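Here is the structure we will look at, set down as structure tokens.
Chain naming here is simple, since letters A, B, ... match the order of the sequence lines and numbering starts at 1 in each. Worth saying up front: this structure is predicted, and the values here are computed from it rather than measured. Just so it is clear, the values below take in all heavy atoms, side chains as well, and ignore hydrogens, waters and symmetry mates.
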Protein chains: 2
Amino acid sequence: MDSTTTRPDQEPRPLRADARRNRARLLDEARVAFGERGTEASLDEIARRAGVGIGTLYRHFPTRDDLVESLISGEVQRLGTLSASLAEADDPFDALRTWLQALVRHACAFRGLAESLVTAAGGEGRLAMACHDTESAGQVLFERAQRSGHVRPDASTQDVVDLACSIAWITERSERDLGEGDRLLDLALDGLRAQQ
Amino acid sequence: MDSTTTRPDQEPRPLRADARRNRARLLDEARVAFGERGTEASLDEIARRAGVGIGTLYRHFPTRDDLVESLISGEVQRLGTLSASLAEADDPFDALRTWLQALVRHACAFRGLAESLVTAAGGEGRLAMACHDTESAGQVLFERAQRSGHVRPDASTQDVVDLACSIAWITERSERDLGEGDRLLDLALDGLRAQQ
DNA sequence: ACCTGAACACCGTTCAAGT
DNA sequence: ACCTGAACACCGTTCAAGT
């Protein structure tokens with residue numbers, strides 16, 4: 001169900017050569033800065049390191065979240081692709097688990113990302129749309145698993161996406177490494193009870 | 001290795017009358033401000049509303065987390081009491097669940113609290129000690145439940161406390177009400193799988 | 001012993017002037 | 001069409017001066 005035709009996506013509208021170069025530099029430096037300091041990195045420093053006035057940063061990325069969105073848009077698409085490729089998997093529950101694991105890892109990409117995602121999700125910007133797309137990708141797998149009776153009927157896509165984001169958040173915040181994120185996710189999916 | 005003798009705890013050391021009044025006013029206004037704007041509320045505004053110079057705020061509460069700690073210390077104690085009162089409960093798993101529920105509600109008391117707790121936990125300040133005390137309270141219930149075979153042997157106290165904090169965080173961030181926090185916690189404790 | 005608030009540093013955001 | 005950077009607003013934190 002990927003409509004490559006309709007994509008109301010940003011057609012990146014031809015930019016003047018210098019503008020395009022500036023945009024690329026800003027993204028490069030933002031990637032570095034977010035990697036080092038998380039999503040709260042100083043915008044001023046990003047602009048300075050990119051050799052660009054702060055006004056230019058704001059022109060290309062009116063909000064911090066727009067910058068975040070541009071950095072993760074590739075990953076968001078990959079989560080869509082992954083969902084599609086899991087949609088016919090033998091075990092619907094495991095398919096969902098695999099996708100949620102990928103979501104957790106995605107939301108751990110840099111410090112503050114899980115927070116940005118969850119906060120943006122309620123809003124209206126480009127990042128909110130990215131969140132919406134991500135949730136839609138998960139929904140396919142979730143509903144299949146639920147229809148097939150492998151998932152509690154009282155749970156929702158939103159529940160598991162939120163759980164994944166909050167696990168990403170705690171993984172990043174406490175100093176667990178990424179493998180610990182997987183463990184916590186398994187814990188939440190399988191439950192705390194000992195199987196007897 | 002707990003040296004109950006050394007407790008470098010704050011004995012609240014007699015304050016001059018005006019200092020005590022200022023401290024109380026600061027706490028009152030901080031409670032209001034944190035309630036309205038979360039733990040990131042402006043310290044300047046708290047001091048102003050308390051009718052006190054900003055320096056006085058810093059004298060009483062050298063860090064923002066010290067302010068947070070003073071606001072929640074009562075709740076932290078109550079979590080300890082609750083743990084003690086659940087320590088002999090018939091169903092060890094349910095006892096743990098009840099306590100974790102209380103922890104989730106506690107960490108939802110105001111916006112940003114879950115974040116402050118998790119961030120502080122790694123550090124050294126008074127808030128870190130409060131986190132440590134809280135975890136100890138949970139540990140009693142957790143280990144009992146685990147020893148009795150009701151809890152997976154590969155899970156840890158830290159796992160469930162972290163899960164509770166992250167569920168508090170997501171509950172507060174997305175605009176779920178508190179009951180939703182309980183639901184998410186149940187989901188994580190019981191697992192996503194349909195019981196068949 | 002405690003309080004005050006000016007001073008400093010840092011950051012986000014806007015906008016008039018420039019090319 | 002795009003860029004620049006000064007200007008403004010806001011906040012945290014320290015510290016010299018005061019009582």
* Can you check side-chain contact (heavy atoms from CB on, under 4.5 Å) on A:Asn22 and A:Leu57, steps first, answer last? -> CA-CA 9 Å; A:Asn22 283 340; A:Leu57 186 151; over 6 Å; no
* Expressed in angstrom and rounded to an integer, what is the separation of B:His60 atom NE2 from C:dA1 atom P? -> 14 Å
* Whole Å only: how far is the CZ atom of B:Phe61 from the P atom of C:dC3? -> 11 Å
* Asked: Just checking A:Ser42: base, sugar-phosphate only, or nothing, at a heavy-atom cut-off of under 4.0 Å?
  -> sugar-phosphate
* **B:Asp182 and B:Arg105: CA distance, side-chain angles, deciding distance, side-chain contact (heavy atoms from CB on, under 4.5 Å) verdict** => CA-CA 8 Å; B:Asp182 288 350; B:Arg105 280 159 185 276; 2.7 Å; yes
* **Assigned partner base of D:dC11, Watson-Crick or wobble definition, under 3.5 Å** => none
* In whole angstroms, how far is the C1' atom of C:dT4 from the CZ atom of B:Arg48? -> 15 Å
* Structure fact -> Note: for A:Leu43 and B:Val52 on DNA chain C, the residue whose nearest nucleotide lies more 5' is B:Val52
* To do: Step by step, work out the side-chain contact (heavy atoms from CB on, under 4.5 Å) result for A:Glu180 and A:Leu184.
  => CA-CA 6 Å; A:Glu180 289 285 312; A:Leu184 279 180; 5.7 Å; no
* Asked: Are A:Val32 and A:Leu27 in one and the same hydrophobic cluster, where Ile, Leu, Val, Met, Phe, Trp and Tyr link if side-chain heavy atoms are under 4.5 Å apart?
  -> no
* Proximity to the side chain of A:Tyr58 - top-ranked nucleotide from D:dG12, C:dA1, C:dT13 -> C:dT13
* To do: With the side chain counted from C-beta on, respond yes when B:Thr134 and B:Val161 share a heavy-atom pair under 4.5 Å apart, and no when they do not.
  => no
* Structure fact -> With the side chain defined as heavy atoms from C-beta on, B:Asp44 is closest, among D:dG12, D:dC2, C:dC2, to D:dG12
* Which of these nucleotides, D:dG12, C:dC3, C:dG12, is closest to any side-chain atom of B:Arg64? -> D:dG12
* To do: Describe the nucleic acid contact of A:Ala47 in one word from base, sugar-phosphate, nothing, applying a heavy-atom distance below 4.0 Å.
  => nothing
* Residue-phosphate contact under 4.0 Å: A:Asn22 side-chain N/O, D:dC2 OP1/OP2 -> no
* Separation of atom CG in A:Leu57 from atom C1' in C:dG12, rounded to whole Å -> 11 Å
* Quickly work out the A:Arg37 CZ to C:dC10 P distance and round it to whole Å. => 12 Å
* Asked: How close or far is atom C1' of C:dA1 from atom CG of B:Asp18, stated in whole angstroms?
  -> 9 Å
* **Atom pair distance, as rounded to whole Å: CG in B:Leu26 and P in C:dC2** => 14 Å
* Provide, to the nearest angstrom, the distance between the CD1 atom belonging to B:Ile46 and the P atom belonging to D:dC11. => 11 Å
* Asked: Between A:Arg16 and A:Ile54, which has a closest nucleotide on DNA chain D that is more 5'?
  -> A:Arg16
* Asked: According to the Watson-Crick and G-U wobble definitions, with both distances under 3.5 Å, which nucleotide is paired to C:dA16?
  -> D:dT4
